[in-house]
Amino acid sequence: MIPKDTSQSTVQKSFFDLTKKFQVILMNSDPDFAVEIANLNKTYDVKNGEPKRALKDINLSIPRGSFFGLLGPNGAGKSTLINIMAGLVIKTSGHVRVWGYDIERDMRQARSAIGVVPQELNIDPFFSPREILEVQAGLYGVPKKHRRTDEILKAVHLIDKSDAYTRALSGGMRRRLLIAKAMVHSPPVLVLDEPTAGVDVELRQQLWAQLRELREMGTTILLTTHYLEEAESLCDTIAIINNGELVTCQPTREILKSFDRKDIIITVSRPLDCLPEQLKVFDAEIQNDRDIVFRIKSSDSGIERVISAVAESGLGISDITTQESDLEDIFLLLTRDEPK
Ligand code: ADP
Ligand code: MG
């Protein structure tokens, strides 16, 4: 069922003002959390097969105003989770609130509070961007005089393509059009399912800029991705899910800090069979005959100790490189399947 948004106001202002305005109208006061999920489970019935537990007891709170990344490998349950928020998939048990509204009890408000950009580029190719936005606004019951079609088209940099056939738009333009479509009813929460999957580097940068702009306008943004770089560069908070389970949810900075590890790789001047005695106090190992890899905490000033210990052991140093752990290492570590 498509929600009729009865909360549309009478104001025609800038995109920024409107985004803020609607948040107030929807809730009267801003909730602390844009989305709250408690003990959420989803099991898909599979014909002639084992039921599939796609989400297992998920508890998650997404702060208002955050740029939130839901990260996980394929099949982790990301789309299931956001489709439940959007009312596209029915949960098996648990509770979900969007902008303070229960998705079952206050379904209309909950749906008005969220805009979803789906994973697939499902746009009718025979309509123009303007027509697509007008139809969508109609579906959400936004009265004609309150529609912001031009504003939104400007905001996603598609105003000069307003009347072009959508089939003539590039992939990146279609993605932006989908973002625009999700914004017609001015939802305070925008959810994007893998917005840059299969998108080339330049386009990805454009989309990132777009999303940062929307965020600055006050929109809470939730995106799913399996690109770690994307989550690391855009998101202030990251949740990692794997096999339907929440593995961690922390501010991006904290996640990176909690895996505070640095490798120092010292290439010595002659091949080694085993580690010299003096170096056995370190967490170190030999790689490729002449590289000794030392694992230290990034926050330590261990590098000096390592270098002088290597020098004292009588080994000549021909090269030194360092490597900080990044989100990729952390992700691999956290989503590594336990041996069964
Ligand atoms: P992600 O978006 O992280 O790739 P999904 O939420 O799409 O993961 O899928 C999670 C799991 O649920 C996968 O194992 C997937 O095969 C299964 N799944 C998703 N949709 C259905 C469905 N309609 N019927 C049965 N199983 C499904
Ligand atoms: Mg998915």
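Counting starts at 1 for both ligands and their atoms, following the listed order. Computed from a prediction, not measured in an experiment: that's the story for all the values here.
Using modelled atom types, one finds no donor on one side chain facing an acceptor on the other under 3.5 Å when comparing Thr252 with Asp236. With no hydrogens or angles considered, a side-chain donor-acceptor pair links Arg176 and Gln206 at under 3.5 Å. With no hydrogens or angles considered, no side-chain donor-acceptor pair links Ser61 and Glu36 at under 3.5 Å. Under the 3.5 Å distance criterion, with hydrogens and angles disregarded, no donor-acceptor pair is assigned to the side chains of Arg174 and Thr166. With no hydrogens or angles considered, no side-chain donor-acceptor pair links Tyr44 and Thr92 at under 3.5 Å. For the 3.5 Å distance criterion, the side chains of Trp99 and Gln109 fail to qualify, holding no donor opposite an acceptor.
Ligand 1 has an N or O atom lying under 3.5 Å from an N or O atom of Ala76, backbone or side chain. Checked against a 3.5 angstrom limit, the closest N/O atoms of Gly77 and ligand 1 fall inside it. Polar contact with ligand 1: present for Ser79 (N/O pair, distance under 3.5 Å). Here's the thing with Thr80: one of its N/O atoms is less than 3.5 angstrom from an N/O atom of ligand 1.
The shortest heavy-atom distance from Gly244 to ligand 1 is not under 4.0 Å.
Summary of contacts: the protein heavy atom closest to atom 13 (C) of ligand 1 is Gly75 O, 3.7 Å. Taking atom 17 (C) of ligand 1 as the reference point, the nearest protein heavy-atom neighbour is Lys52 CG, 3.9 Å. Scanning the protein for heavy atoms near atom 22 (C) of ligand 1, the closest one is Tyr44 CD2, 3.4 Å.
Using modelled atom types, no side-chain atom of Arg97 and backbone atom of Val35 make a donor-acceptor pair closer than 3.5 Å. With hydrogens and angles ignored, the 3.5 Å screen pairs no side-chain donor or acceptor of Lys154 with any backbone N or O of His157. In this structure, the side chain of Glu254 does not engage the main chain of Pro251 through any donor-acceptor pair within 3.5 Å.
Atoms of ligand 1 lying under 4.0 Å from any heavy atom of Pro73, numbered from 1 in the order shown and given with element: 3 (O). For ligand 1, the atoms sitting less than 4.0 Å from at least one non-hydrogen atom of Asn74 are 4 (O), numbered in the order shown with element in parentheses.
Checking Ser79 against the Mg ion (ligand 2), an N/O/S atom falls under the 2.8 Å cut-off.
Contacts of Lys78 with ligand 1, taken as heavy-atom pairs under 4.0 Å, involve both backbone and side chain.
There is a protein heavy atom closer than 4.0 angstrom to atom 11 (C) of ligand 1. Within 4.0 Å of atom 24 (N) of ligand 1, at least one protein heavy atom is present.
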